[in-house]
K.L.:
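Please read through the structure below; I'll follow up with questions.
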Amino acid sequence: VHGTQIANDTTTSPNGVALDKGNITALGWFIGKNNDATTSINILTATSGTVIVSIPPGATVSFAIGSGVTAPAIRSSSSTLTAELEYAIIEA
C-alpha cells in the first residue's frame, strides 16, 4: 500500500492516529518520507503506543516492522504543527 497521511500535532492527537495500512494483514517493510521542512514525524507501535522511529524533516527511512507492531500510528513531534508523511508498506 502507498499513500500520504498527515501526522497531527500532539495537542490535537496526543495518542497519534492509526496509519492507513489498507488491506495488509502481515506488516513487512515500511518506507517513509517526511515531506515537512521543519517538523519530525514519530511512528508509534499503536495509538497510545511507544515511539519506534522518529523521521526528521525531509528525511526518508526504511525498516522492517517488528512482529509486535500490528497497528502502527503516526504523530507530529510538535505540539502545534502537522507534517505530511509519504509512505509505502510492503506485506510480509
Side-chain angles (χ1 to χ4, degrees):
V1 67
H2 175 267
T4 58
Q5 191 166 331
I6 299 298
N8 290 331
D9 60 80
T10 58
T11 301
T12 303
S13 300
N15 298 323
V17 174
L19 187 61
D20 182 3
K21 57 185 184 145
N23 294 326
I24 292 178
T25 57
L27 300 172
W29 282 89
F30 175 89
I31 303 165
K33 180 177 185 221
N34 181 345
N35 288 332
D36 195 81
T38 58
T39 305
S40 294
I41 296 173
N42 293 323
I43 308 290
L44 295 84
T45 55
T47 56
S48 300
T50 305
V51 174
I52 53 174
V53 174
S54 184
I55 307 173
T60 300
V61 300
S62 67
F63 59 90
I65 300 172
S67 61
V69 179
T70 57
I74 62 171
R75 117 181 127 216
S76 166
S77 64
S78 171
S79 62
T80 58
L81 300 172
T82 62
E84 182 184 74
L85 175 69
E86 183 175 355
Y87 69 96
I89 299 174
I90 301 165
E91 191 161 27

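Residues: numbered from 1 along the sequence shown. Keep in mind that this is a model prediction, so the values were computed, not measured.
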K.L.:
Minimum heavy-atom separation for Leu44 and Arg75, please, with both atom names.
P.N.:
CD2-NH1, 3.5 Å
K.L.:
What heavy-atom pair brings Lys21 and Thr70 nearest, and what distance separates the two atoms?
P.N.:
NZ-O, 2.8 Å
K.L.:
Just how far is it from atom CD of Glu91 to atom OG1 of Thr25, taken to the nearest 0.5 Å?
P.N.:
4.5 Å
K.L.:
Which pair of non-hydrogen atoms, one from Tyr87 and one from Gln5, has the smallest distance, and what is that distance?
P.N.:
OH-OE1, 3.8 Å
K.L.:
If you measure from CG on Asp36 to CD1 on Ile55, what distance do you get to the nearest 0.5 Å?
P.N.:
11.5 Å
K.L.:
Look up atom NZ in Lys33 and atom OG1 in Thr4, then write down how far apart they are to the nearest 0.5 Å.
P.N.:
12.5 Å
K.L.:
Indicate the atoms forming the closest heavy-atom contact of Leu27 with Val69, along with that distance.
P.N.:
CD1-O, 3.4 Å
K.L.:
Could you tell me whether the side chain of Ile43 reaches within less than 4.5 Å of the side chain of Val61, counting heavy atoms only?
P.N.:
no
K.L.:
To the nearest 0.5 Å, what is the distance between OG1 (Thr10) and CG (Asn15)?
P.N.:
10.5 Å
K.L.:
Check Ser76 against Thr39 and note the closest heavy-atom contact, atom names and distance.
P.N.:
OG-CG2, 3.1 Å
K.L.:
If you measure from CG on Asn35 to CD1 on Ile6, what distance do you get to the nearest 0.5 Å?
P.N.:
9.0 Å
K.L.:
In the single-linkage hydrophobic clustering (I, L, V, M, F, W, Y; side-chain heavy atoms under 4.5 Å), do Ile52 and Phe30 co-cluster?
P.N.:
yes
K.L.:
Could you walk me through whether Ser79 and Thr11 pass the side chain to side chain contact (heavy atoms under 4.5 Å, CB included) test, one step at a time?
P.N.:
CA-CA 5 Å; Ser79 62; Thr11 301; 3.9 Å; yes
K.L.:
Atom CG in Leu19, atom CD1 in Ile41: separation rounded to 0.5 Å?
P.N.:
10.0 Å
K.L.:
Of the non-hydrogen atoms in Ala18 and Thr47, which two are nearest, and what is the gap between them?
P.N.:
N-CG2, 3.7 Å
K.L.:
In terms of hydrophobic clustering (I, L, V, M, F, W, Y; side-chain heavy atoms under 4.5 Å; direct or indirect links), are Phe63 and Ile74 co-clustered?
P.N.:
yes
K.L.:
Return yes if a side-chain donor-acceptor contact under 3.5 Å exists between Asn42 and Ser40, otherwise no.
P.N.:
no
K.L.:
Report whether Val17 and Ile89 are members of the same hydrophobic cluster (ILVMFWY, side-chain heavy atoms less than 4.5 Å apart, transitive linking).
P.N.:
no
K.L.:
Tell me whether Ile31 shares a hydrophobic cluster with Leu85, the cluster being built from Ile, Leu, Val, Met, Phe, Trp, Tyr side chains joined at under 4.5 Å.
P.N.:
no
